[in-house]
Each structure stands twice: as C-alpha cells, then as structure tokens.
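Quick caveat, the model's predicted, so the values are computed rather than measured. Just follow the structure's listing: the first ligand is 1, and inside any ligand the first atom is 1.
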Amino acid sequence: MNVYDSERMADMLIPLGYTITDSPDHADMVILNTCHIREKAEQKVFSDLGRLRDKRDERRTRGADTVIVVSGCVAQAEGAEIIRQAPYVDIVVGPQTYHRLPEMIAKATRAVHKTKKPGQKKGLGIVDVDFPVESKFDSLPQTAESRVAAYLSIQEGCDKFCTFCVVPYTRGAEYSRPATEILAEARHLLSLGTKEITLLGQNVNAYHGQAPLGTEWGLGRLIRELADLGVDRIRYTTSHPRDMNQDLIDAHRDVPALMPFLHLPVQSGSDRILEAMNRKHTSRTYIDIIERLRNARPDMGLSSDFIVGFPGETDKDFEETLALVHHVKYAQSYSFKYSIRPGTPAGAMDDQVPEEVKADRLQQLQDLLNEQQLTFNQKTVGTVQSVLLDRKGRQEGQFIGRSPYMQSVVVNAPDRLFGQVIDVRINQAHPNSVSGTVVTHEV
Ligand code: SAH
Ligand code: SF4
C-alpha cells in the first residue's frame, strides 16, 4: 500500500515540475513515506530523519535547500509530535490527505523562498492528518508512468480491530472505491501496457463497492469484470480469512487470469490466541478455507503472516502454530515478533512474552517456513512456468520475473522480452527464488 501511495504522490508531483531522483543528495524535496505497523519501522523513521537533516544542512552549504516531508502511518499516528521530536521537518501528511500535497508544497516553497534563512534550523511545521470526507481518489491524477506490473488500490482502512494492530487507527474506517472508478483506472493502466494488476486493500476481500445500476460488487465479481477487460494477470492483497467468501473462492476456479497464489494471514495456530487477538476465526475455519481454495484450484500457492509472542502465548500455543504450518505447507510467509503498539488493547495486556522467548520462537518458525519455501520452489524444478519479466537482474542480460505462484524467477533473456509474459523452464531452486531458461522467445 505504501508503494502504491508513493507512486501516486510521484504522479501528483511530476506535473509540478518534480522528477524522481535516486539520492537525497540531489533532492529539493524528500518524502519519507512511513509505516507504523511495528515499533522497529517507527524507530527507523526518526533515525532516517536525522540523516536527512544532515543532508539538508550539507546542501544548504552549497546554496540548495531540501523540503522534508513525513507521510504515511507514522505521520498519521504521531501528527504534530513529529515536529516536536524533529523540528526541522517541514510537512507532515497522513495517508488520507496526501492529495493535498501540491497546496502544502506551494505553501512550503513560498515560505522557503521568503522566510527561510541560511542556517535556519526549524522546519515549516505544516501538518495535515485529517480524515477528510472527500475521498483522496477523486483528486488523484491518472498515472502517466507505464508499469508492467501495477498496483491498484480498491479498498482502504479496517473495522476489524485485531487487538495487536494499529491499522484501524492510522488508516481509518473501511472504505471501498466505486467499481466504475476501479475499472476506469484498470483500463487506463492497460492502455499504458500493464500486464498484471495487484488489487490492494488493508482488507481487500472485504471489498463491497458501489456498482452500476445501484448494485454492489464483492471482490469475486470485480475480479471477473477486470479479467473481461483483458488484464492478463490479477492478484489481490491482503485478505482476511473472515471475508474469504465462496464467490471469491469460485473465482479462483473460474478465472484463468486470477493467479493461483494467495496471501492469507493466519497470525497464530492457537485458538486461544486467535480469540485474544480478536481475529474471529479459528485454526479449523482457516484450514477449511485453505481446503476449499485447494479444491477450487489444486495448485494454489499460499502465504501468511505470523505473529509470535503475542501476550500470553505459551509453548503449547506456539506448537499449535507450528502444527498449522506443517498442515498447510506454505509457498512463502512473513513472520514477526509481537511488537507493542501504543493505544492497542494487546499493548496494555500484562502477560507480555519475554524478548528471548519471542526471538527463539521466531527462529524456529522461520526455519520451518524457509524449509517449506525451498520445498515449494524445488517442486517447480523441471516444470514450465509463465513468467512476467518485470525487473532487470543484477547481471547483464538477466531479468527477474514472477511465476504465477509469486516466486521470483531469474532468467537470461533478450531485452525485447522485458514486460512480456514468457514461458520459462525452471532449472534450479534457491531459498528465495528459482532460476530457469526461456522456452518461448519468438514474441
Ligand atoms: N490486514 C492484514 C494485515 C495488515 S498488517 C490482516 O488482517 O492480516 C500486516 C501484518 O503485520 C499483520 O498480518 C501482522 O502479522 C503484522 N503485525 C501487525 N501488527 C503487529 C504487531 N503489533 N506486532 C507484530 N506484527 C504485527
Ligand atoms: Fe490490522 Fe488486518 Fe486486523 Fe485490520 S484485519 S486490525 S488491518 S491485522
């Protein structure tokens, strides 16, 4: 979601005369688009800000200046507190108000020219962390960038209030964009050459958007309509088990463009912990969903998020998580140590798990998940996979693409195949990728 938001901010700023640069050394403005989901991410913001201030001071000795902007969920959660802790910051803007950036920047640049003196330490202190009634999507321009694999945000926010999570507070209430708006954005992406669209939302499968003729579409219907537009590959993330309805599961059976891979976070395999997390599903209901998905699409690759060391988690609870992982067999996964988030119910629970226990459990879980990922990758050796080449590799002539199962596929290919979906014979499995050779090249 942050990548999508960053791209939208760039789309908005390019008409103002900005171009993207890859280093703060040359930047007239730096936007730090931040994440608040775990404490570590938040701490990083302040250390990065310190470095940016030094960069800005150094640029000032050369007669240049840098506008420093903090956007994203840390901006939303901390607001003016960021200015108190880092007074040199010029603009703080939340995820729901970044469409107002051009006005804020105009204000900031006017102020920089008029009032800022060389050596002035204080930033401009512009803060906008509203949850406005107007949707930012109404004000965002269409992208002019052609992206082979593009993100499309269809849903934002969350009303589920898992007890560990800050998202409902930073991203606000659940909101689904109208379907016609999404289809228009998808048509535009297709006209720019996009081959793969990943539909985004904090709770993407809770999507229930206004549709033509006063109806409402769920995600399954939206996916079918997008496939009819001619999108080659469709993905969606992140889903919640509670919203995995039958129509969506059926879409995995019926829609060839819908990729056979799903990121469906379970968080824990212990029903006691799932209850304390307010997930409102059990390990059994989760496994049932996985079975129904595999019935619809037997080759489905699965991924999940896990939290270890949630308050009160015992060895037995943790073993239930390992048992669930053994049962499901994941293609890849993300796992985290529980991190106390301010203002969340779990942060105030008094049976917090000691750091060493969390670290030990994380290691065990990651060893198992890594082993499963390698096994999944090994199973594709010898098969031919359709791969969308969307990135350059590290070596000359090398490209990296995604298999239908989200594996990174490294392959040597002529430049003209960049941006194409090609057939690749997988020859080797690695822990985080596979490599292979092109089998079709007369495109
Ligand atoms: N909406 C998605 C997840 C969004 S947050 C869902 O419901 O699954 C992404 C992931 O960050 C979560 O799945 C969770 O595993 C992790 N996460 C969120 N809050 C956390 C916390 N306080 N400590 C550790 N991990 C956390
Ligand atoms: Fe956070 Fe996801 Fe739970 Fe919403 S459903 S509170 S985003 S973990």
task: Go through ligand 2 atom by atom and flag the ones less than 4.0 Å from a non-hydrogen atom of Pro168.
output: 6 (S)

message: Check for me whether Arg279 has a heavy atom closer than 4.0 Å to any atom of ligand 2.
response: yes

message: Does ligand 1 come near enough to Ser239 that some N or O of the ligand is less than 3.5 Å from an N or O of the residue?
response: no

- prompt: Heavy atoms, side chains only, cut-off 4.5 Å: are Lys107 and Ile126 in contact?
  reply: yes

- prompt: So, Cys158 and atom 3 (Fe) of ligand 2: N/O/S under 2.8 Å, yes or no?
  reply: no

query: Got a sec: does the OH of Tyr334 have more than 12 other heavy atoms crowding it under 6.0 Å?
result: no

field: NZ or CZ of Arg341 within 45° of Phe164 ring axis and under 6.0 Å
entry: no

statement: Logged contact type for Arg38 with ligand 1, heavy-atom cut-off 4.0 Å, is side chain

- request: Identify, for atom 10 (C) of ligand 1, the protein heavy atom at the shortest distance, and state residue, atom and that distance.
  value: Asp305 OD2, 3.3 Å

message: How far is atom 2 (C) of ligand 1 from the closest protein heavy atom, and which atom is that?
response: Thr238 CG2, 3.6 Å

query: Between Lys136 and Glu156, does at least one N-O distance fall below 4.0 Å, as a salt bridge requires?
result: yes

- request: Pull out every atom of ligand 1 sitting under 4.0 Å from any heavy atom of Lys337, numbered as shown with elements.
  value: 23 (N), 24 (C)

query: Would you call Glu39 a ligand 1 contact, heavy-atom distance under 4.0 Å?
result: no

Salt-bridge contact Arg361-Glu313 (side-chain N to carboxylate O under 4.0 Å): yes

statement: Checking heavy-atom distances from atom 2 (Fe) of ligand 2 to each of Thr170, Ile307, Asp159, Asn203, the winner is Asn203

- prompt: Measuring to protein heavy atoms, does anything land under 4.0 Å from atom 12 (C) of ligand 1?
  reply: yes

Top protein contact for atom 5 (S) of ligand 2, by heavy-atom distance: His240 CD2, 3.4 Å

query: Of the backbone atoms (N, CA, C, O) and the side-chain heavy atoms from C-beta on, which set of Ile37 has a member under 4.0 Å from an atom of ligand 1: side chain, backbone, both, or neither?
result: both

task: Would you indicate whether Glu81, at its atom CD, is surrounded by more than 12 heavy atoms from other residues, nucleotides or ligands within a distance under 6.0 Å?
output: yes

query: Salt bridge between Asp288 and Arg284, side-chain N to carboxylate O under 4.0 Å?
result: yes

- prompt: NZ of Lys160: more than 12 outside heavy atoms within 6.0 angstrom?
  reply: yes

statement: Per-atom filter on ligand 2: closer than 4.0 angstrom to a heavy atom of Phe164 are 8 (S)

- prompt: OH/Tyr98 to CD/Gln76 distance, rounded to the nearest 0.5 angstrom?
  reply: 12.5 Å

Atom indices of ligand 2, in the order listed, that fall short of 4.0 Å to a heavy atom of Cys162: 3 (Fe), 5 (S), 6 (S), 8 (S)

message: Out of Pro265, Ser335, Pro241, who is nearest to atom 8 (O) of ligand 1 when you count heavy atoms only?
response: Pro265

Residue and atom name of the nearest protein heavy atom (relative to atom 21 (C) of ligand 1), distance in Å to one decimal: Ser339 O, 3.6 Å

task: Have a look at ligand 2 and work out which part of Phe161, if any, has a heavy atom under 4.0 Å from it: side chain, backbone, both or neither.
output: backbone

query: Which of the atoms of ligand 1 are close to Arg341, meaning less than 4.0 Å from one of its heavy atoms?
result: 22 (N)

message: Any heavy-atom pair between the side chains of Lys358 and Gln363 that's under 4.5 Å?
response: no

- prompt: Heavy atom of Arg279 under 4.0 Å from ligand 1?
  reply: yes

query: Atoms of ligand 1 less than 4.0 Å from His240 heavy atoms?
result: 7 (O)

- prompt: Would you call Asp390 and Arg147 a salt bridge, using N to O less than 4.0 angstrom?
  reply: no

task: Kindly say whether the aromatic ring centers of Phe376 and Tyr330 come within a distance under 6.0 Å.
output: no

message: Tell me whether Arg171 forms a cation-pi arrangement with Tyr169, defined as NZ or CZ under 6.0 Å from the six-membered ring centre and within 45 degrees of its axis.
response: no

- request: Please report which non-hydrogen protein atom sits nearest to atom 15 (O) of ligand 1, along with the residue it belongs to and the distance in Å to one decimal place.
  value: Gln267 OE1, 2.7 Å

message: Any carboxylate oxygen within less than 4.0 angstrom of a Lys/Arg side-chain nitrogen, looking at Glu320 and Arg272?
response: no

field: Pair Tyr236 + His252: ring centers closer than 6.0 Å
entry: yes

message: I'd like to check whether Gln202 has a polar contact with ligand 1, where a contact means an N/O of the residue lying under 3.5 Å from an N/O of the ligand.
response: yes

- prompt: With a 4.0 Å heavy-atom cut-off (strictly under), which part of Phe164 contacts ligand 1: side chain, backbone, both or neither?
  reply: both

- line: of all protein heavy atoms, closest to atom 1 (Fe) of ligand 2 is Cys165 SG, 2.3 Å

